[in-house]
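Notes to accompany the following structure.
Each chain gets a letter, A, B and so on, in the order the sequences are listed, and its residues count up from 1. In this text, all values refer to a predicted model and were calculated from it rather than measured experimentally.
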Protein chains: 2
Amino acid sequence: MAEAKSRRPLADSTAVHDQVYDAIRQALITGRIAPGVGVSLRSLAAELGVSPMPVRDAVRRLVAERALAINPANKRLSVPSLSADRLQQLSQARLWIEPELAARAAPLADEALIKGLRAIDSRLDAALAAGDVDGYMTANHAFHFAIYERSGAEVLLSMAGGLWLQIGPFMRVVFGRVGTGGLPADYHAEAIAALKARDVEGARRAIAADLSEGMDKMRIAVEAGS
Amino acid sequence: MAEAKSRRPLADSTAVHDQVYDAIRQALITGRIAPGVGVSLRSLAAELGVSPMPVRDAVRRLVAERALAINPANKRLSVPSLSADRLQQLSQARLWIEPELAARAAPLADEALIKGLRAIDSRLDAALAAGDVDGYMTANHAFHFAIYERSGAEVLLSMAGGLWLQIGPFMRVVFGRVGTGGLPADYHAEAIAALKARDVEGARRAIAADLSEGMDKMRIAVEAGS
DNA sequence: TTCCTAAAACTGTGATCACAGTTTGCGGCC
DNA sequence: GGCCGCAAACTGTGATCACAGTTTTAGGAA
């Protein structure tokens, strides 16, 4: 399933604006575009080698998802800055939605999902050991959403996706400062076990614990950093 | 069908695509565009008397907010259809977010907010008495978001806004079938009282009860209708 | 130097056109 | 009469241009 580690992160979608969306989204999550700095349609277009038109579409979408902000006075684009208050709201929303997605996925879990999760988790451990921050964040994202997608709850799933997009820059701050030291991988094993046993409440608890730990770290890092 | 150019004074936003966004959003919420039917950029543009360009921007935003859907094969636009499963997810998300927003608003409530809410609520009652469905839904939206905006929780607020946008068509189905018979206005009075007393848990409970009642009706209507 | 002004560069927005793919509808064929 | 096929209309997408603000830069005057 997800073991294909495509060197091209851009999917096979023929729509240019979708590829641009993915590119900017990835740049945002991995922190290649730092929070607070301004961007522009034409500069992004030049950087990606496309015309401003598909960039405009992608940016419109990212603004709607609050992954980019638009200055009401200037109408100029920028990456939203990180604040403790924003992090708290995003954390709270994640704690509502993501454990529920895991709980919904539990009864639907099958052997293929478990195998896929184990593969992702080993990639995650490898990235952790190597200090590969990008690899860790990519694997972590893949792990969570492999579970969430199994839930079949499309609406909640898209909400979770939007939250990860907004919280991505915070994660980068944490791992940029603290490193990949503390390891929440235990909860991943716990989550896999709960899913294998189709234990609804166990899955909910494992994901909630995983989230709580990660977000506590982020909170500490943000409070210390500001 | 070209002479239907309404010279409505849409907001004070100078950006055309924002006005188009508001227009389509309102049409969606009030059910003027029925769920399941297809729309197109050019038809919307002609109807609103603008060029396709700002419509394209507005639609991109609405698609990102899941208020419009895009057929992956056709790439054609349509209004998402109503399903019991979708309603359940939207309801659950609303029950997480909106009572929390009310709870956060409670300590910040002041006399101006209370007065505003009372004014909105009387407009709501008038619309109910007159059987004015559009007026009722507009007032109900205004009531809830007057409270939520007071919370200052920007992230959660925008999530709530997205949820209302998606649940709008469901509301129309309810009131189109059941009429404005059952009245949840009692909970509005309860919410106002709790806010006036700066009672955090009371506000949370009142809004939760209001939501539960309304969404139960929607669920019944959708299950009966499908 | 320091300050102020004018020009150049850059910004998002909207309009218009071209293009490829899909849908629709009409006409003729069996 | 029923069905097939082709052309016209319509769809979203992308490129290019014009325009009005804003920001930045350059230059000249004190």
Side-chain angles (χ1 to χ4, degrees), chain A residues 10-25 27-28 33-34 36-81, chain B residues 1-2 4-8 10-25 27-28 33-81:
Chain A
L10 299 182
D12 48 14
S13 172
T14 53
V16 178
H17 66 85
D18 276 333
Q19 302 180 8
V20 171
Y21 171 83
D22 287 339
I24 302 179
R25 176 189 173 108
L28 247 34
I33 311 180
V37 309
V39 294
S40 82
L41 298 182
R42 288 174 177 87
S43 67
L44 287 170
E47 197 170 333
L48 297 170
V50 298
S51 93
M53 201 62 227
V55 176
R56 183 172 168 177
D57 284 344
V59 161
R60 198 63 77 183
R61 186 171 159 193
L62 289 161
V63 168
E65 289 169 330
R66 309 222 147 230
L68 284 178
I70 174 168
N71 185 329
N74 283 14
K75 298 164 180 290
R76 273 180 160 78
L77 289 168
S78 63
V79 184
S81 348
Chain B
M1 50 177 62
K5 11 182 20 175
S6 54
R7 297 300 276 148
R8 193 174 350 176
L10 286 175
D12 44 16
S13 173
T14 52
V16 178
H17 66 86
D18 276 333
Q19 302 179 9
V20 171
Y21 171 83
D22 287 339
I24 301 179
R25 176 189 174 108
L28 247 34
I33 311 180
V37 309
V39 294
S40 83
L41 299 181
R42 288 173 176 88
S43 66
L44 286 171
E47 198 169 333
L48 296 170
V50 299
S51 94
M53 201 64 229
V55 177
R56 184 173 167 176
D57 284 343
V59 161
R60 199 61 79 183
R61 187 171 159 194
L62 289 162
V63 168
E65 290 169 328
R66 303 283 188 279
L68 284 178
I70 174 169
N71 185 331
N74 283 13
K75 298 163 180 295
R76 274 179 157 76
L77 289 169
S78 62
V79 183
S81 343

Open item on the list: Just verifying a value: how many Å separate B/I24 CD1 and B/L44 CG, rounded to the nearest 0.5 Å?
Closed with: 4.5 Å
Review item, nucleotides 9-13 of chain C N/O atoms under 3.5 Å of protein N/O:
{"residue": "C/dT11", "atom": "OP1", "partner": "A/S40", "partner atom": "OG", "Å": "3.0"}
{"residue": "C/dT11", "atom": "O4'", "partner": "A/R76", "partner atom": "NH2", "Å": "2.9"}
{"residue": "C/dG12", "atom": "OP1", "partner": "A/L41", "partner atom": "N", "Å": "3.4"}
{"residue": "C/dG12", "atom": "OP2", "partner": "A/L41", "partner atom": "N", "Å": "3.0"}
{"residue": "C/dG12", "atom": "N7", "partner": "A/R42", "partner atom": "NH1", "Å": "2.8"}
{"residue": "C/dG12", "atom": "O6", "partner": "A/R42", "partner atom": "NH2", "Å": "3.0"}
{"residue": "C/dT13", "atom": "OP1", "partner": "B/H17", "partner atom": "NE2", "Å": "3.3"}
{"residue": "C/dT13", "atom": "OP2", "partner": "A/R60", "partner atom": "NH2", "Å": "3.0"}

Task: Rounded distance [0.5 Å steps], CD1 in A/I33 versus OG in A/S78 - done: 11.0 Å
- [ ] Please report how far the helix from C/dT1-D/dA30 to C/dC30-D/dG1 bends, comparing the axis fitted to its first five pairs with the axis fitted to its last five, to the nearest 10 degrees.
- [x] 0°
Open item on the list: One thing to verify: whether A/R25 and A/D18 come together as a salt bridge, which I'm taking to mean a side-chain N less than 4.0 angstrom from a carboxylate O.
Closed with: no
Open item on the list: To the nearest 0.5 Å, what is the distance between CG on A/L62 and CZ on B/R61?
Closed with: 13.5 Å
TODO: Could you name each residue pair satisfying salt bridge (charged side-chain N to carboxylate O under 4.0 Å, His left out) that touches residues 50-59 of chain B, not counting sequence neighbours?
DONE: A/R56-B/D57, A/D57-B/R56, A/R60-B/D57
Task: Distance-minimising heavy-atom pair for B/R66 and B/P80 - done: O-CG, 3.9 Å
Open item on the list: Is there a side-chain contact between B/T14 and A/K75 in this structure, where contact means two heavy atoms from C-beta onward sitting under 4.5 Å apart?
Closed with: yes
